[in-house]
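Since the structure comes first, as structure tokens, the remarks are kept for the end.
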Amino acid sequence: EATFLDLGSNLGPFSVMVASTGRRVIAVDPFLKNLAYIRMSTMLAGTENNVRLIQNTISSHRETLYPLITDPNNEGGIAFITEEEAKTKPKEQVPEDGVTSVTLEEILNIVETDTVIIKIDVEGSECKVLTEYLVNQNKVRLIPYIYMEWMGIVKNK
């Protein structure tokens, strides 16, 4: 028995697919519109009770992060930056208010199973999100698999 943790769920194709197998899913995304699509898809499939939706960004610590739009034609490619970084960008690239982040540890603490499978796509912040868990000797959950996009790994800090 495992919970599927979808960090940066976007429109939720992974969340919806896993929920359809009867597994528990936690989908984390900063955009309410994306979470609404997931909710509607799971309602149509009759699997909405398998999915918990969380509207936050995810980071290594709690902070307010701001959406950075570098390509208006790629809604799924929005990175999040600090307030200090946002102040240096043109207003059209940072058009929205900040979103409070949560940490991976905070999310893992609400998971009801001992095992968690992670899918993470957080636009170049994957290492920042995962490092604290990976270096911590006292793991709260077993994470045997992490599925992630490698294309943006060079952006990780």
Do Val28 and Leu35 share a hydrophobic cluster (ILVMFWY, side-chain heavy atoms under 4.5 Å, transitive)?
no
Kindly indicate whether the side chain of Glu132, heavy atoms from C-beta on, has any atom under 4.5 Å from the side chain of Glu105.
yes
Counting only heavy atoms not in Asn74, do more than 12 fall under 6.0 Å of its CG?
yes
Thr82 side chain vs Glu85 backbone, donor-acceptor pair below 3.5 Å
yes
Can you list the steps and then say if Lys89 with Glu83 is a salt bridge (Lys or Arg N to Asp or Glu O under 4.0 Å)?
CA-CA 10 Å; Lys89 304 293 181 186; Glu83 183 176 9; over 6 Å; no
Counting C-beta onward and ignoring hydrogens, is there a side-chain heavy-atom pair between Glu126 and Asp121 closer than 4.5 Å?
yes
So Asp6 and Ile26, do their side chains get closer than 4.5 Å, heavy atoms only?
no
So, do Phe80 and Pro30 sit near enough that their side-chain heavy atoms are less than 4.5 Å apart?
yes
Other than Leu11, which residues form its hydrophobic cluster under the rule that side-chain heavy atoms must be closer than 4.5 Å?
Tyr37
Atom CG of Leu68 and atom CD of Glu123: how far apart are they, to the nearest 0.5 Å?
10.5 Å
With a 4.5 Å cut-off on side-chain heavy-atom distances among I, L, V, M, F, W and Y, is there a chain of contacts connecting Leu108 to Val25?
no
The test is side-chain contact (heavy atoms from CB on, under 4.5 Å); show your working for Ile107 and Ile54 and say whether it passes.
CA-CA 9 Å; Ile107 299 295; Ile54 298 176; 3.7 Å; yes
For the student: nearest non-hydrogen atoms of Pro67 and Phe31, plus distance:
CB-CZ, 4.3 Å
Connected via hydrophobic side-chain network under 4.5 Å: Val140 and Leu134
yes
Could you pull out the closest heavy-atom pair between Thr47 and Ala19, with the gap in Å?
CG2-O, 3.6 Å
With a 4.5 Å heavy-atom cut-off, do Leu53 and Ile38 have their side chains touching?
yes
Can you pull out every salt bridge (charged side-chain N to carboxylate O under 4.0 Å, His left out) where at least one residue sits in residues 33-55? Sequence neighbours excluded, please.
Lys33-Glu75
Does one hydrophobic cluster hold both Val18 and Val111, with members joined at side-chain heavy-atom distances below 4.5 Å?
no
Roughly how far, to the nearest 0.5 Å, is CG of Leu5 from CD1 of Ile118?
5.0 Å
Determine, step by step, whether Val129 and Ile58 satisfy the side-chain contact (heavy atoms from CB on, under 4.5 Å) criterion, reporting the C-alpha distance in whole Å, the side-chain angles of both residues, the deciding distance to 0.1 Å, and the verdict.
CA-CA 7 Å; Val129 170; Ile58 187 156; 3.9 Å; yes
SB check Lys128 Glu63 (cutoff 4.0 Å)
yes
Hey, what do you get for CG (Asp114) to CZ (Arg141), rounding to the nearest 0.5 Å?
6.0 Å
Closest non-hydrogen atom pair between Ala2 and Ile117, with its separation
CB-CG1, 4.2 Å
Any side-chain to backbone donor/acceptor pair from Ser101 onto His61? Under 3.5 Å, distance only.
yes
With side-chain contact (heavy atoms from CB on, under 4.5 Å) as the test, would you mind laying out the steps for Leu104 and Leu7 before giving the verdict?
CA-CA 9 Å; Leu104 176 58; Leu7 305 175; 4.0 Å; yes
Could you give the distance from OG (Ser125) to CG (Leu130), rounded to the nearest 0.5 Å?
10.5 Å
For the pair Arg23 and Phe4, evaluate side-chain contact (heavy atoms from CB on, under 4.5 Å) and give the outcome as yes or no after the intermediate values.
CA-CA 7 Å; Arg23 301 286 182 194; Phe4 182 74; 5.6 Å; no
Looking at Asp29 and Asn10, would you say the former's side chain and the latter's main chain have a donor-acceptor pair under 3.5 Å?
yes
Heavy-atom pair with the smallest gap, counting every atom of Val94 and Ala86:
CG1-CB, 3.9 Å
Quick one: are Pro95 and Ile69 in side-chain contact, heavy atoms under 4.5 Å?
yes
From Asn138 atom CG to Tyr133 atom OH, the distance as rounded to the nearest 0.5 Å
11.0 Å
Under 3.5 Å, side chain of Asn56 to main-chain N/O of Thr100, donor-acceptor pair present?
yes
Quick one: CZ on Arg62 to OG1 on Thr103, what's the gap to the nearest 0.5 Å?
7.5 Å
Close side-chain approach of Val51 and Thr42, heavy atoms under 4.5 Å:
yes
Do Val16 and Ile120 belong together in a cluster built from hydrophobic side chains that touch within less than 4.5 Å?
no
Between Thr113 and Thr3, do the side chains contain an N or O donor and an N or O acceptor separated by less than 3.5 Å?
yes
